[in-house]
Amino acid sequence: MLNKLNPWKSQNQPSSLSDRISQIKSQEVPAHIAIIMDGNGRWAKKRSLPRVAGHHEGMKVVRKITRLANKLGVKTLTLYAFSTENWKRPKMEVDFLMKLPEEFLGTFLPELVEENVRVTMIGHKEKLPAHTLKAIEKAMESTKDNTGLVLNFALNYGSRVEIIEAVKQVLNDVDDGKLDRERIDEETFSSYLMTSGFQDPDLLIRTSGEIRLSNFMLWQLAYTEFFFTDVLWPDFNEEHFVEAVEVFQGRQRRYGGV
Ligand code: FPP
């Protein structure tokens with residue numbers, strides 16, 4: 001049967017994962033993939049576990065997907081790990097989420113260094129607990145010369161605030177005579193965003209069946225291909241990621257042209 005959302009699924013798939021990976025690498029691989037990792041709470045609830053157990057399981061998936069993205073030759077992987085709205089969650093859950101970067105990097109930093117991965121972050125650093133920031137900054141420092149995949153954590157990130165801050169900075173620079181208002185174009189404005197220096201995502205993946213952006217990279221996703229799946233993030237595996245890239249490769253991007 002034809003699968004309208006994912007037509008690639010309707011075609012014959014090579015059998016093994018390694019065949020599919022080789023096939024992907026022979027075509028254009030999305031340079032920047034962004035992921036909204038959703039469904040941790042529901043994964044835990046289904047197992048009568050506390051919500052944080054879902055986040056912990058989700059952290060393990062981050063490792064798997066990072067390794068695979070690097071292997072595929074993806075240049076940047078941006079992961080929405082904590083939004084500016086997530087502070088509304090119960091304190092215990094927020095505290096747990098804020099400890100995950102430390103746990104993840106405490107365990108996997110040597111592996112990331114060895115695999116030539118560079119760790120970066122977008123989001124407001126000010127409100128992060130000192131221990132969270134310390135872990136991220138240590139990882140950024142130890143991997144700054146790496147030339148492989150850029151693993152970019154969106155932590156305390158919210159796109160509307162990002163855009164408002166950029167507008168304010170643009171106005172300041174115009175007032176100070178550093179920027180000519182007539183020369184403000186898309187490229188100039190992009191350089192005021194937290195993603196300055198990154199190219200826009202080619203592919204956005206959101207897990208758990210929710211079909212929305214939740215204040216994530218609203219400017220940067222203007223021409224991005226979207227892949228939504230019902231799979232909950234802790235269940236998301238290499239096959240699912242490969243499928244998302246295959247679907248991307250089966251799409252035609254026209255950027256408003258014909
Ligand atoms: C949304 O699921 C998920 C989050 C708010 C947190 C995502 C964080 C991780 C997957 C771990 C990050 C790992 C590192 C290394 C920073 P939800 O809790 O909203 O799920 P629900 O919609 O089912 O309740």
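Position 1 is the first residue of the sequence; numbering continues from there. All figures in this text were calculated on a predicted structure; none of them were measured in a lab. Counting convention: from 1, in listed order, for ligands and their atoms alike.
Below 4.0 Å from some heavy atom of Phe104 lie the following atoms of ligand 1, by number and element: 15 (C). Close contacts between ligand 1 and Trp233 involve ligand atoms 10 (C) [criterion: under 4.0 Å to a heavy atom]. Close approach of ligand 1 to Asn86 (heavy-atom distance below 4.0 Å) involves ligand atoms 5 (C). Short contacts between ligand 1 and Leu100, defined as distances under 4.0 Å to a heavy atom of the residue, involve ligand atoms 11 (C). Taking every non-hydrogen atom of Ala81 and a distance limit under 4.0 Å, the qualifying atoms of ligand 1 come out as 6 (C), 7 (C), 8 (C), 16 (C).
For Arg51, the closest heavy-atom approach to ligand 1 falls below 4.0 Å. Proximity of Gly39 to ligand 1 is established by a heavy-atom distance of less than 4.0 Å. The closest approach between Arg89 and ligand 1 falls below 4.0 Å for a heavy atom of the residue.
Protein heavy atom closest to atom 4 (C) of ligand 1, with residue, atom name and distance, is His55 CE1, 3.9 Å. Scanning the protein for heavy atoms near atom 1 (C) of ligand 1, the closest one is Met37 O, 3.3 Å. Protein heavy atom at the shortest distance from atom 22 (O) of ligand 1 is Arg42 NH2, 3.0 Å. Protein heavy atom in closest approach to atom 13 (C) of ligand 1: Val62 CG2, 4.0 Å. Counting only heavy atoms of the protein, atom 14 (C) of ligand 1 lies nearest to Phe153 CE2, 4.1 Å. Nearest protein neighbour of atom 10 (C) of ligand 1, counting heavy atoms only, is Asn40 ND2, 3.3 Å.
A distance of 10.5 Å separates CD in Glu102 from OG1 in Thr107, rounded to the nearest 0.5 Å.
Counting heavy atoms from C-beta outward, Pro101 and Leu155 have side chains that approach closer than 4.5 Å.
Residue Trp43 does not touch ligand 1, judged by heavy-atom distances below 4.0 Å. The proximity of Leu97 to ligand 1, defined as any non-hydrogen pair under 4.0 Å, is limited to the side chain.
The shortest non-hydrogen separation linking Leu109 to Thr143 is CD1-CG2, 4.0 Å. In terms of heavy atoms, Val52 sits closest to Phe96 at O-CE2, 3.4 Å.
The number of heavy atoms from other shown groups lying within 6.0 Å of CZ (Phe189) is above 12. Annotation for Arg160: atom CZ does not count as buried by contact number, only 12 or fewer foreign heavy atoms lying within 6.0 Å. Atom CD of Glu85 has more than 12 heavy atoms from other residues, nucleotides or ligands within 6.0 Å.
Side chain to side chain, His124 and Asn156 fail the donor-acceptor criterion of an N or O pair below 3.5 Å.
Ring orientation note: the planes of Phe198 and His32 are tilted relative to one another, at an angle of 30° to 60°. Ring-plane geometry between Phe228 and Phe226 is classed as perpendicular, the angle between the planes exceeding 60 degrees on a 0 to 90 degree scale with a lower cut at 30.
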